[in-house]
Amino acid sequence: MSTPDTIYGWHAVHALLKNRPEAVRLLYVLDKKDPKIVSLLAELSAIRLPVEERSRNQLDTLARAPEHQGIVAVAQAPKQPHDDFAVWLAEQNPEVTRLLVLDGIEDPHNLGACLRSADAFGVSAVIVPKHRGSPITPTVCKVSCGAAEVVPVFAVSNLVRTLAQMKEQGFWLVGLSGEAKQTLGEQKLPPKLALLVGAEGQGLRQLTQEQCDFVVNIPMHAKYVNCLNASVACGVALYALCQPNLK
């Protein structure tokens, strides 16, 4: 077993216990009598997981964050990205119709929020560059509300080559850019596509954007704000792509 880490937050721990119970060594809780904890332990009685009570301050220290929601698991390091995307995609087609590409998201809060949106809106897999972006950390797990355990994430060494592989498999590439001339609702989009979202601040890299079949912006009517946080833009775009008139 790898060096243990702490996964915290109700949804993150629950997803971990449901999907990788063998990875958990010990569970710390604020109150063993909490109905949610009692129900969870009854559900997982077969694995006989050690559970210990700790004070809120102790949980703050264990989680290294105050947003633990009264539950902290000592477990293997968070589930990390796979590196066999091309093989996976070839095996999954034609069932896969929605992919999400994150081009250099470095903030773990943004990565976690993007994974949460990906799960919410039926994305089959998330693709990230191997050497540019945040790893999957306990913070990512917490913010993703468990999605980090269930949404396949693939780290690729050459993003441009991977995008070319997607095109070969019939995917259309749709990039988000605040400078795009077309808005998300103006372009009729095909049923099989990958959404590309760029890094905080700089957006999509030029090489990445050049691979896109369409580049679109999210129309806004703000009096002051002229751009959206990367994860917010990702969620808005994924929601829009779920709508019938955009399929």
Side-chain angles (χ1 to χ4, degrees), residues 1-81 100 102 105-121 123 126 128 133-153 155 199-201 225 228-236 238-239:
M1 183 178 285
S2 60
T3 303
D5 208 331
T6 53
I7 305 299
Y8 60 91
W10 171 256
H11 293 291
V13 173
H14 185 264
L16 174 63
L17 288 169
K18 293 284 288 184
N19 293 277
R20 291 193 298 138
E22 73 284 353
V24 183
R25 296 183 179 185
L26 178 63
L27 196 62
Y28 292 113
V29 300
L30 186 62
D31 181 6
K32 286 185 179 180
K33 296 180 181 179
D34 184 310
K36 290 173 68 175
I37 301 299
V38 172
S39 176
L40 177 62
L41 296 179
E43 189 178 343
L44 300 169
S45 58
I47 67 174
R48 299 185 178 182
L49 180 66
V51 181
E52 298 181 9
E53 283 189 348
R54 290 292 186 270
S55 69
R56 186 169 297 280
N57 286 339
Q58 288 173 320
L59 292 180
D60 289 350
T61 300
L62 286 165
R64 301 185 293 276
E67 304 88 8
H68 48 71
Q69 298 174 314
I71 185 168
V72 177
V74 178
Q76 289 180 14
K79 186 177 179 182
Q80 294 303 307
L100 174 62
L102 302 176
I105 299 293
E106 298 181 346
D107 186 325
H109 291 85
N110 275 341
L111 176 57
C114 287
L115 293 179
R116 182 174 181 175
S117 293
D119 187 42
F121 298 118
V123 170
V126 175
V128 298
S134 169
I136 298 180
T137 65
T139 298
V140 172
C141 295
K142 168 64 172 62
V143 176
S144 77
C145 287
E149 287 292 335
V150 297
V151 175
V153 180
E200 304 90 347
V225 174
L228 295 174
N229 169 279
S231 62
V232 173
C234 176
V236 171
L238 287 177
Y239 170 76

Sub-4.5 Å side-chain heavy-atom contact between S134 and I105
no
Below 4.5 Å, heavy atoms only, C-beta onward: do Q80 and P135 meet side chain to side chain?
yes
With a 4.5 Å limit on heavy-atom distance, are the side chains of L115 and V153 in contact?
yes
Pairwise side-chain contact, Q76 with R25, heavy-atom cut-off 4.5 Å (strictly under)
no
Residues passing the side chain to side chain donor-acceptor pair (under 3.5 Å) test with S117, sequence neighbours excluded, are none
Is it the case that N57 and S55 place a side-chain donor and acceptor less than 3.5 Å from each other?
no
Do H14 and E43 make a side-chain contact, defined as non-hydrogen atoms from C-beta onward lying under 4.5 Å apart?
yes
Can any side-chain N or O of T6 pair as donor or acceptor with the backbone N or O of L62 at less than 3.5 Å?
yes
Indicate the atoms forming the closest heavy-atom contact of V72 with Y8, along with that distance.
CG2-CB, 4.1 Å
Below 3.5 Å, can you tabulate the donor-acceptor pairs from side chains in residues 30-41 to any protein atom, sequence neighbours excluded?
residue	atom	partner	partner atom	Å
D31	OD1	K33	N	2.9
K32	NZ	V51	O	3.2
D34	OD1	K36	N	2.8

Decide, yes or no, whether a salt bridge links E149 with R20 under the criterion of side-chain N to carboxylate O below 4.0 Å.
yes
Close side-chain approach of N19 to V150, heavy-atom, < 4.5 Å
yes
